[in-house]
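Protein chains get the first letters and strands the later ones, always in sequence-line order, with residue 1 at the start of each.
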Number of protein chains: 2
Amino acid sequence: MLDAAVRVFSRHGYHGASMDEVAERAGISKPMVYAYLGTKEELFIACLHREATRMMEAIAGAAVPDLPADERLWHGLRAFFGFVGAHRDGWAVLYRQARAERAFADELAGMRARIVEVVVGMLDHALRAEGREVAETELEVVAYALVGATESLGDWLADHPEADPEKTATRMMNVAWLGAGQLLHGVTWHPPER
Amino acid sequence: MLDAAVRVFSRHGYHGASMDEVAERAGISKPMVYAYLGTKEELFIACLHREATRMMEAIAGAAVPDLPADERLWHGLRAFFGFVGAHRDGWAVLYRQARAERAFADELAGMRARIVEVVVGMLDHALRAEGREVAETELEVVAYALVGATESLGDWLADHPEADPEKTATRMMNVAWLGAGQLLHGVTWHPPER
DNA sequence: GCGTAACCTTACGTGTGAGTAGGTATGCTG
DNA sequence: CAGCATACCTACTCACACGTAAGGTTACGC
């Protein structure tokens with residue numbers, strides 16, 4: 001039943017979707033939707049949760065501990081783009097919707113926070129392995145940029161059905177790892193003195 | 001008058017905003033809004049256009065031709081984050097709204113396309129200076145990732161009023177330029193052979 | 001002083017869609 | 001077979017907000 005809801009929300013957006021359509025698509029009647037999932041908002045949150053959980057599981061499932069940082073990142077990215085590629089219709093739009101609606105921002109922020117945390121951990125681990133150390137906030141912004149870039153490419157992938165998830169992951173890896181890798185080695189860019 | 005509209009759309013989102021509220025905030029009555037700007041959709045597009053134009057002008061105004069690529073990128077990023085920092089309330093939410101609403105996606109895609117084009121031009125220029133060449137599509141994806149990362153950090157900035165735009169630009173520059181710079185020098189990452 | 005025209009407001013029509021009340025079939029128990 | 005509960009649907013209410021029609025107010029021409 002959530003499948004129907006995800007589909008409808010994806011096609012018409014949160015506001016554009018009508019509960020009647022969700023019910024019709026699910027093959028049941030409207031009061032049943034309310035009986036099982038509650039109000040429209042609760043329904044949307046349920047969708048969001050399920051998709052988020054699925055995605056996190058897909059990524060976690062691809063994680064192999066005790067691998068060098070770059071390979072762990074690679075596995076994570078590949079899992080992520082693979083997931084988006086397989087759920088093009090659902091994920092990207094749910095995600096965009098959730099960002100637009102103030103009410104769901106928290107939900108999404110929590111989800112992103114978990115991912116950022118993982119990436120920060122990864123970077124931190126790699127740094128320690130090199131015997132270097134960087135302030136937490138610095139790492140967090142870098143992680144945020146990487147996650148943001150990844151999300152954007154996820155959007156791009158969702159809009160380009162012909163694109164290959166694996167290839168997209170490789171491209172992301174190029175931008176992300178080369179940049180982050182440089183940073184990890186202590187190379188930094190600084191504004192030119194005027 | 002557009003100011004009022006931008007403000008209201010920002011706070012409540014496209015659907016959440018009522019024309020009554022826009023009118024009240026602008027200090028006039030509803031029929032006047034319709035007389036001057038037309039329907040709600042047209043009003044929103046007008047807002048979008050103005051903000052987009054302002055932003056493009058801010059960036060274009062900071063552009064200094066005949067500078068090395070990294071400095072041009074730096075100026076662009078600084079202008080961008082400066083703009084978002086100064087228009088926190090307006091830009092990010094307009095942007096998020098425009099992405100969520102299918103009707104405005106084209107509008108936004110065009111805007112982004114122009115930016116991506118500029119970045120591609122920049123990368124291409126830098127590449128030629130090094131006597132190297134890379135397929136257009138490749139460059140485009142890299143540019144897309146960079147623009148996406150920048151947009152994400154823009155969102156982050158809009159949500160963190162205490163953050164400093166200049167510092168954010170520097171961080172972005174670190175991730176972006178170090179990664180892109182490596183790519184420009186022919187360094188690439190490739191998936192590990194299994 | 002009076003008509004008229006531009007301009008603005010209040011106050012309304014209307015459609016849409018969230019959420020619900022009340023009715024119907026199916027299956028279980030005595 | 002009667003009584004009852006569970007599961008479900010049809011049909012409704014109600015609120016909200018877009019877009020507009022009819023009515024007041026100020027300025028100017030005669």
Give the rounded distance in Å between these two atoms: [atom1] of [X] and [atom2] of [N].
X: B:L37; N: D:dT20; atom1: CG; atom2: P; result: 14 Å
X: A:E24; N: C:dA18; atom1: CD; atom2: P; result: 13 Å
X: A:H12; N: C:dA18; atom1: NE2; atom2: P; result: 12 Å
X: A:K40; N: D:dA15; atom1: NZ; atom2: C1'; result: 15 Å
X: A:Y34; N: C:dA21; atom1: OH; atom2: P; result: 13 Å
X: B:M19; N: D:dC16; atom1: CE; atom2: C1'; result: 15 Å
X: A:M32; N: C:dA18; atom1: CE; atom2: P; result: 17 Å
X: B:I28; N: C:dT10; atom1: CD1; atom2: C1'; result: 15 Å

Return the nearest nucleotide to the side chain of [X]; candidates are [options].
X: A:S18; options: C:dG17, C:dA11, D:dT10; answer: C:dG17
X: A:S29; options: C:dA18, D:dC9, D:dG19; answer: D:dC9
X: B:P31; options: C:dT10, D:dC18, D:dC9; answer: C:dT10

Between B:E107 and B:H49, is any side-chain donor less than 3.5 angstrom from a side-chain acceptor?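 Yes, because at least one side-chain N or O of B:E107 sits under 3.5 Å from a partner of the opposite role on B:H49.
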Would you verify whether the NZ or CZ of A:K40 falls within 45 degrees of the ring axis of A:Y14 while also being under 6.0 Å from that six-membered ring's centre?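 Judged by the rule, A:K40 and A:Y14 form a cation-pi pair.
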Do the numbers put B:K167 on top of the ring of B:F81, so that NZ or CZ is under 6.0 Å from the six-membered ring centre and no more than 45° off the axis?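 Not satisfied by the 6.0 Å and 45° rule.
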Hey, does B:A17 reach any base, or is it just sugar-phosphate, or nothing, if we go heavy atoms under 4.0 Å?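 Answer is sugar-phosphate: B:A17 comes under 4.0 Å of backbone atoms only.
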For A:K30 and A:Y36, take the nucleotide of DNA chain D holding the closest heavy atom to each; which residue's nucleotide lies nearer the 5' end?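 Looking at DNA chain D, the more 5' nearest nucleotide goes with A:Y36.
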Within a reach of under 6.0 Å around CD of B:E71, are more than 12 heavy atoms found that belong to other residues, nucleotides or ligands?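 Enclosed: over 12 neighbouring heavy atoms sit under 6.0 Å from CD of B:E71.
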